[in-house]
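Reminder, nothing fancy here: chain letters follow the sequence lines and each chain counts from 1.
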Amino acid sequence: MPYLTTASKIDQIVAEYTKAKTLWIDTEVADYNSRNPRLSLIQVLDDPEDMSGDRVFLLDVLDQPDLVANFIQQIMVNPDIEKVFHHASYDVKFLGDKKARNITCTLEIAKKIPYYLLPVPNYQLKTLATVLCNFHYIDKQAQTSDWGQRPLTEEQIDYAYLDCIYLAQVHKCLLELQSEGDPAPEAEDLIALNLRYTQIEEQWKLLNSEVEHLQERIKKAMQAQNVSETSFFKLTAYERKTVKAQFLELARLVQSQGLNFDFSITLTQKLQKDLGGNLEQLSVEIDTSNSWRLTPKNQESNSENE
DNA sequence: TCTAACACAGTGGTCGTTGT
DNA sequence: ACAACGACCACTGTGTTAGA
């Protein structure tokens, strides 16, 4: 894991990265809990197969805004290079923010995968690396260490390059899971899908009804017994308010005050009926959309009817 | 510490289906 | 014709999560 500290070497590797198709990137930030966080390291991996760390370059950019600006200009805004991060929005804040293009976020991919395909307690990179890629003994202690100090400790360096490797591996596994979980509808086997559905439907009903029932009972019991917290649940009450006004009064106010206050409201079927013929005097906008409904058929009663 | 993005619960409403 | 039902949606407000 080459650790680059000089401007010339960093600019040189950045120039090489402009030819890359995909880069796996992570950053470390100093003073993250202050008003002025400083970018400390940019770690870049250009070969996802590399597990040795030889292809992870650590760019030391602490208090080097010119180097960061160059990285943003050459890499981040370039739409032809895919940049992969975990929780991209955090890192991208420091790397060009809204100007950044072609960003992939492994956190977002992971969260979109249905729970039963990826049953994890949380979506931290460490957890995903452990569950998906069988990495063990991941030490996250360095994460909150002082990234503003120089020289960095050996642990910090190890942590920094390992994170990139986890990232690329997690990304690879996520893409595989994603393609499994998202088959082309044209190619789906409807018989198999229906079979699987009927297989688990009964268990689902049993479990679902019991979970809901338990929630209700726990809620009522905690209220009745004045318990706001157990080791499993927290019960909180909150006030909801809805502010309402009479339509006529509002209309008059807007008119008399000459307020710039206009928007469309949905004319429900009831309102349309109440308006009757007067409706024709309004220039209504009509939105049409199609939606599809899946209705399970009751197999037993069907056969009875026949 | 920051912070956007989510997830969730609860309320109230629409609208089509179903049974009488 | 009408009520009951459920699927679905919009909206308010709370709380959690992930990164260093």
Side-chain angles (χ1 to χ4, degrees), chain A residues 24-43 58 61-62 83-95 97-98 100 103-115 120-129 138-149 152-153 155-157 159-160 162-164 166-167 170 205 208-209 211-212 215-216 218-220 222-223 228-229 233-244 263-274 287-298 301-302 305:
Chain A
W24 290 263
I25 308 174
D26 185 30
T27 61
E28 306 304 330
V29 173
D31 311 326
Y32 68 87
N33 55 354
S34 74
R35 217 156 38 81
N36 289 54
R38 291 176 294 154
L39 205 51
S40 170
L41 284 185
I42 305 174
Q43 307 99 278
L58 311 189
V61 295
L62 188 67
K83 276 81 63 179
V84 183
F85 297 86
H86 191 68
H87 199 184
S89 60
Y90 182 83
D91 302 84
V92 168
K93 272 264 160 57
F94 299 98
L95 293 173
D97 205 10
K98 291 187 174 80
I103 305 294
T104 299
C105 177
T106 49
L107 176 63
E108 279 171 31
I109 299 176
K111 287 213 241 184
K112 275 189 199 139
I113 293 174
Y115 179 75
V120 282
N122 58 62
Y123 294 101
Q124 292 165 20
L125 186 63
K126 172 188 173 165
T127 311
L128 296 177
I138 299 177
D139 189 5
K140 276 266 164 187
Q141 284 210 326
Q143 185 177 44
T144 50
S145 63
D146 179 7
W147 291 97
Q149 71 181 357
L152 294 168
T153 64
E155 288 77 34
Q156 284 177 310
I157 302 272
Y159 170 83
L162 277 170
D163 247 13
C164 255
Y166 298 148
L167 173 67
V170 163
K205 281 185 180 169
N208 201 50
S209 63
V211 165
E212 280 177 5
Q215 283 180 344
E216 267 170 52
I218 291 168
K219 198 164 148 186
K220 280 185 187 158
M222 286 174 79
Q223 277 175 285
S228 67
E229 217 174 330
F233 290 105
K234 197 169 72 178
L235 185 69
T236 41
Y238 59 96
E239 206 176 67
R240 311 181 58 219
K241 55 180 168 202
T242 335
V243 181
K244 296 187 182 185
F263 48 86
S264 43
I265 51 173
T266 305
L267 297 179
T268 63
Q269 296 206 335
K270 186 178 178 301
L271 283 175
Q272 292 176 38
K273 207 170 148 192
D274 292 351
D287 277 357
T288 357
S289 62
N290 289 319
S291 59
W292 297 79
R293 182 197 291 228
L294 187 65
T295 325
K297 288 200 285 189
N298 190 332
S301 69
N302 264 8
N305 290 342

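By the 4.5 Å heavy-atom criterion applied to side chains, A/Leu62 and A/Leu39 are not counted as neighbours. Annotation: side chain of A/Tyr123 is in contact with side chain of A/Leu128 (closest heavy-atom distance under 4.5 Å). Two residues are said to be in side-chain contact when any heavy atoms from C-beta on lie closer than 4.5 Å; A/Ile25 and A/Gln43 fail this criterion. Taking the side chain as every heavy atom from C-beta outward, A/Leu95 and A/Phe85 approach each other to under 4.5 Å.
With rounding to whole Å, A/Asn33 atom CG is found 13 Å from C/dG19 atom C1'. B/dT3 atom C1' lies 11 Å from atom OH of A/Tyr90, rounded to whole Å. Rounded to whole Å, atom C1' of B/dC6 lies 11 Å from atom NE2 of A/His87. Between A/Tyr123 atom OH and C/dT17 atom P there is a gap of 12 Å when expressed in whole angstrom units. Distance, A/Arg35 CZ to B/dT1 C1': 12 Å, rounded to whole Å. Distance CD (A/Glu229) to C1' (C/dG15): 13 Å, rounded to an integer number of Å. For the pair A/Trp147 CH2 and B/dT1 P, the interatomic distance rounds to 22 Å; values are reported in whole Å. Remark: C1' of B/dA5 and CD of A/Glu108 are 8 Å apart, rounded to the nearest angstrom.
Counting non-hydrogen atoms under 4.0 angstrom, A/Lys234 reaches the backbone sugars and phosphates but no base. Nucleic acid contact for A/Asp163: sugar-phosphate only, since backbone atoms but no base atoms lie under 4.0 Å from a heavy atom of the residue. No contact: A/Asp31 has no heavy atom under 4.0 Å from any strand. Across all strands shown, A/Phe85 has no heavy atoms under 4.0 Å from either base or sugar-phosphate atoms. Contacts of A/Phe94 with the nucleic acid, taken as non-hydrogen atoms under 4.0 Å apart, are absent. Residue A/Asp91 is out of contact with every strand shown, counting any heavy-atom pair closer than 4.0 Å. Backbone-only engagement by A/Thr27 is indicated by non-hydrogen atom pairs under 4.0 Å involving sugar-phosphate atoms exclusively.
Between the side chains of A/Glu28 and A/Gln156, no donor-acceptor pair of N or O atoms lies under 3.5 Å.
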